[in-house]
Amino acid sequence: MKEVNQPKPKLEGKGLMLGRPVYADDLAPQNALIVKVLRSPYAFARIKTIRTEKALQLPGVACVLTYKDLPRNIITRAGQGYPEPSPYDKFVLDEVVRYCGDEVAVVAAVSEAIAEAALEFIEVEYELLEAVLDFEQAEGNRSVLHPEPEAHSKFDIGMDASRNIAASYRMNVGDVDAVLEQCEVVVRDRYYTQAQAHVMLEPHAISCYLDMHGRLTVVSSTQTPFHARRVIGMAFDIPRKDIRVIKPRVGGGFGGKQMTHGEPLVAAVTLKTGRPAKLVYTRREVFESTFSRHPMRFDIALGATRDGRIKAIDMNVLSDTGAYGEHALTVVMGAGSKPLPLYNKVDAVRFNSVVVYTNHTPAGAYRGYGAIQGLFALESAIDQLAEKLGISPAELRRQNMIAEGETSPIFKIMGEGGEGVAMTMDSCKLDYCVRRGMELIGWDRKFPRQTVGPNKVRGVGMALAMQGSGIANIDMASAVLKLNDDGFFNLMVGATDIGTGSDTILAQIAAEALNVSTDQIIVYSSDTDLTPFDKGAYASSTTYVSGNAVKKAAENMKRLIEIEGALKLRVAEGEVEFDGTTLRRKDGKGSISLKDLATGLYYHANQKQLVASDSYVGQKSPPPYMAGFAEVEVDLETGKIDLLHYAAVVDCGTTINPNLARIQVEGGLVQGIGMALYEEVRYTEQGRQLNNNMLFYNIPNRLDIHHVTVEFAESYEPSGPYGAKSVGEIGIDTPPAAIANAVYNATGVRIKDLPITPEKVLMALKQRRQ
Amino acid sequence: MKINVQLNGLALALEIAPHEFLLDVLRRYGCLSVKRGCDTSSCGVCTVLMDGVPVLSCSLFAAKADGHSITTVEGLQREVAELADFMTAEGADQCGYCNPGFALTVLAMKRELAAPTEEQIRHYLAGNLCRCTGYVGQMRAIAKYLGVKE
């Protein structure tokens with residue numbers, strides 16, 4: 001392999017650092033109207049009256065839109081394949097507002113100052129409704145968030161809007177209660193995970209204009225341009241042929257830009273006025289009015305024999321989807337479908353889940369996608385079980401975890417929103433990951449704790465994780481390759497690079513298949529008019545799903561080149577060889593460079609354009625695996641936790657680009673560390689966000705992160721492009737549980753609700769002393 | 001009102017509104033490398049150099065730049081390209097949104113600190129947040145960049 005498994009620099013890296021104007025706001029038309037959104041100050045209210053006359057009279061105001069001005073089409077903004085496994089429960093603008101920050105009205109004006117002033121002139125009278133702010137009180141609450149008759153799901157997702165249930169799912173293998181009863185050792189406990197904000201550094205930004213044909217063009221910082229086109233079309237009853245969505249460079253997404261947020265709002269302005277318009281979210285809007293991670297409550301029971309054979313896992317989940325149900329079902333299913341197959345030698349498993357509506361900022365897709373929540377609960381409980389059994393947590397995991405060549409019935413039962421697919425693990429180096437991680441962290445010397453001073457203790461903790469690679473049998477990707485004169489290629493993909501480096505990785509895959517060097521591939525992604533379909537950047541799918549599509553397209557192109565080469569060299573097909581620059585007759589009696597062949601094809605004899613394409617949909621979703629190890633130092637007087645070292649060993653199959661894969665894991669780890677120790681979207685009793693800015697919502701900074709080690713297992717996934725599995729999400733999954741376990745091993749106190757703050761540790765230490 | 005600034009080496013009179021922040025003025029005058037990330041001077045992506053010192057342009061009134069020299073990435077293309085080589089070689093560039101502000105801070109640090117330790121580097125750059133890379137890749141790149149330069 002000469003192009004893949006190589007640490008090639010990211011294609012656009014230099015241009016990005018040189019500050020080239022490539023993001024949505026940089027590319028917005030200079031005469032774009034500035035769009036501002038009036039947002040609800042109340043968690044739950046009905047708009048009794050709304051008057052826009054005064055705002056409209058303000059000079060420079062182009063339009064003011066309320067629910068009265070838009071079609072009443074119910075949509076889901078989830079940005080998933082169609083039909084979406086998410087409830088249709090959202091109108092672009094509605095007369096009911098369901099969280100602080102929900103859209104009330106849209107203003108467009110010639111300047112930001114005028115648009116902001118116009119917001120003040122909109123007169124709204126609200127009828128306050130009883131807000132549901134405690135997700136444990138939401139189910140069956142007398143206050144119902146979605147009584148509107150239009151709310152529905154496209155297929156059975158366990159929705160019951162009358163009881164504030166957006167989705168629910170249950171499954172079991174064997175009789176959990178009976179098996180648990182027979183188990184010699186049982187651990188039962190309750191865990192909570194919190195709402196986390198994505199905090200991608202580029203706020204959501206959208207501009208819209210009508211092109212010369214009158215078609216609506218949307219330039220959006222989105223992970224899913226094709227889904228956005230569909231959602232906008234459905235919201236306004238526009239044929240999809242009249243919409244074009246362009247994804248420029250995207251300044252980070254992490255799932256937060258999978259869903260459509262401002263696109264329909266800006267589109268509404270352009271459709272109404274015929275003028276270009278743009279909306280760049282303020283950071284406060286990103287916090288309050290886009291999405292966060294689903295908070296969850298886990299009731300978990302593990303049963304084992306005295307010698308450490310885990311026999312039963314029972315997981316009961318309550319998830320808070322906030323005001324709208326985007327990804328309600330699929331994220332909660334991820335909380336089961338990803339963690340549960342890790343311990344595949346059990347006799348019985350049960351998973352029961354309910355996702356409720358509350359009057360909080362909606363939850364949606366976020367890197368880790370349920371798995372990180374479920375793994376926090378499961379991997380904490382595994383450590384509790386190990387202690388009760390008197391077995392080392394590493395040993396207990398080694399005895400019970402999934403291995404290469406093995407399977408789990410969960411794979412077949414649970415997919416994303418429906419059934420899954422049966423899989424045998426053709427690649428699973430979890431045993432190596434654990435062994436190597438233990439070496440990197442110095443487990444044998446350090447477990448469980450070392451006292452380093454009168455008030456300071458250190459502890460190590462570990463956790464395992466698995467994720468998936470795309471959504472099997474549902475999500476499709478495609479690629480088009482064009483050979484140009486002079487012998488270079490355009491690769492057009494709908495795959496959406498959001499900063500991960502996927503354009504580079506896909507170019508490497510194409511180059512490998514074509515046997516050319518990566519710099520001969522010019523990538524364009526993604527534009528619904530110009531590039532072929534792709535589901536978008538989510539579900540850890542780009543390398544695996546889009547990568548396979550690119551590989552197939554490039555193999556097709558190579559065949560076309562060889563056919564044309566054979567014609568030119570006057571031999572039968574199959575009698576030429578292509579070495580990346582030159583086509584040679586196998587008999588050695590002639591050759592032609594690709595450059596000359598291509599130039600000839602476009603200017604001289606036998607003239608034709610060579611274009612190849614192909615598509616791919618995964619027949620399975622091979623999981624990447626990871627073992628994560630944390631070493632913490634805890635100050636017993638203050639509860640302060642310093643993360644001294646985090647070591648992660650990952651099996652993502654063959655890395656297409658080892659440097660970019662490593663950064664993906666490192667970045668994921670630090671986001672996971674943020675979730676473990678610092679981050680939480682908090683609300684007042686009235687349902688307003690308390691920390692709706694980056695002063696008060698703290699993501700890890702450079703000083704919080706000391707020593708991080710990332711290594712990869714040597715692994716090869718036969719179904720992946722050149723042996724690759726996914727790597728986008730797996731990195732985030734282990735820190736919450738590994739750090740919680742390390743804090744327990746250091747101090748003897750177990751924090752069961754994230755984040756693990758000094759205050760919680762200190763209170764727990766105090767409680768234990770009493 | 002008008003302010004006189006030396007913008008990327010050019011003496012210019014810029015038309016500004018009294019309440020405008022430097023960030024908005026710079027973007028209006030075509031310096032699109034300057035990004036807005038947070039509105040609260042917490043993330044560092046709006047960093048520019050004023051008289052060679054990193055400042056947060058999202059919370060600096062443009063009027064305060066009157067009489068000063070302002071440098072953005074547009075004015076330091078050669079130096080930034082050099083740093084970019086180290087960043088891309090490490091794969092530490094990712095989404096790129098924080099990269100111009102980060103690059104300017106690194107260049108200012110290089111001028112200000114002689115042979116900084118890793119700890120000093122982390123302190124100098126603490127205000128430049130990144131959500132993609134997890135920082136350690138950036139540190140590898142900076143270490144190599146500074147090492148090679150010395």
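Letters A, B, ... are given to chains in the order of the sequence lines, protein chains preceding strands, and every chain is numbered from 1.
At a 4.5 Å heavy-atom cutoff, the contact between B:Gln138 and chain A is made by side-chain atoms alone. If you measure heavy-atom distances from B:Arg140 to chain A, the contacts under 4.5 Å come from the side chain alone. Contact annotation for A:Val250: only backbone heavy atoms (N, CA, C, O) come within less than 4.5 Å of a heavy atom of chain B. For A:Asn657, no part sits under 4.5 Å from any heavy atom of chain B, backbone or side chain. Residue contact with chain B, scored on non-hydrogen atoms closer than 4.5 Å, involves the backbone of A:His198 exclusively. Using a 4.5 Å cut-off between heavy atoms, A:Ile498 contacts chain B through its backbone alone, with no side-chain atom that close. Heavy atoms of A:Asp26 lying under 4.5 Å from chain B belong to its backbone as well as its side chain. Proximity to chain A is limited to the side chain of B:Val45, based on heavy atoms less than 4.5 angstrom apart. Neither the backbone nor the side chain of A:Phe287 comes within contact range of chain B, judged by heavy atoms closer than 4.5 Å. Heavy-atom distances place no part of A:Pro658 under 4.5 Å from chain B, backbone and side chain included. Only the backbone of A:Thr500 comes within less than 4.5 Å of a heavy atom of chain B; no side-chain atom from C-beta onward does.
Among residue pairs with one or both ends in residues 4-14 of chain B, those qualifying as side chain to side chain donor-acceptor pair (under 3.5 Å) are B:Asn8-B:Thr72; sequence neighbours excluded.
A donor-acceptor contact under 3.5 angstrom links the side chains of A:Glu729 and A:Ser540, judged on distance only. Between the side chains of A:Ser289 and A:Arg39, at least one donor N or O lies within less than 3.5 Å of an accepting N or O.
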Item to complete: Go through the steps for A:Lys14 and B:Leu83 under the test side chain to side chain contact (heavy atoms under 4.5 Å, CB included), then give the verdict.
Response: CA-CA 9 Å; A:Lys14 199 161 194 166; B:Leu83 173 61; over 6 Å; no
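Comparing B:Cys43, B:Gly91, B:Cys31 by heavy-atom pairs within less than 4.5 Å of chain A, the highest count is held by B:Gly91.
A cation-pi geometry, defined here as NZ or CZ lying under 6.0 Å from the six-membered ring centre and within 45° of its normal, holds between A:Arg293 and A:Tyr366.
Between A:Glu12 and A:Arg20 no salt bridge is recorded (no basic side-chain N to carboxylate O distance below 4.0 Å). Here B:Arg36 does not pair with A:Glu202 in a salt bridge; the nearest charged N to carboxylate O distance is not below 4.0 Å. B:Asp66 and B:Lys2 are not joined by a salt bridge, as no carboxylate oxygen comes within less than 4.0 angstrom of a charged side-chain nitrogen.
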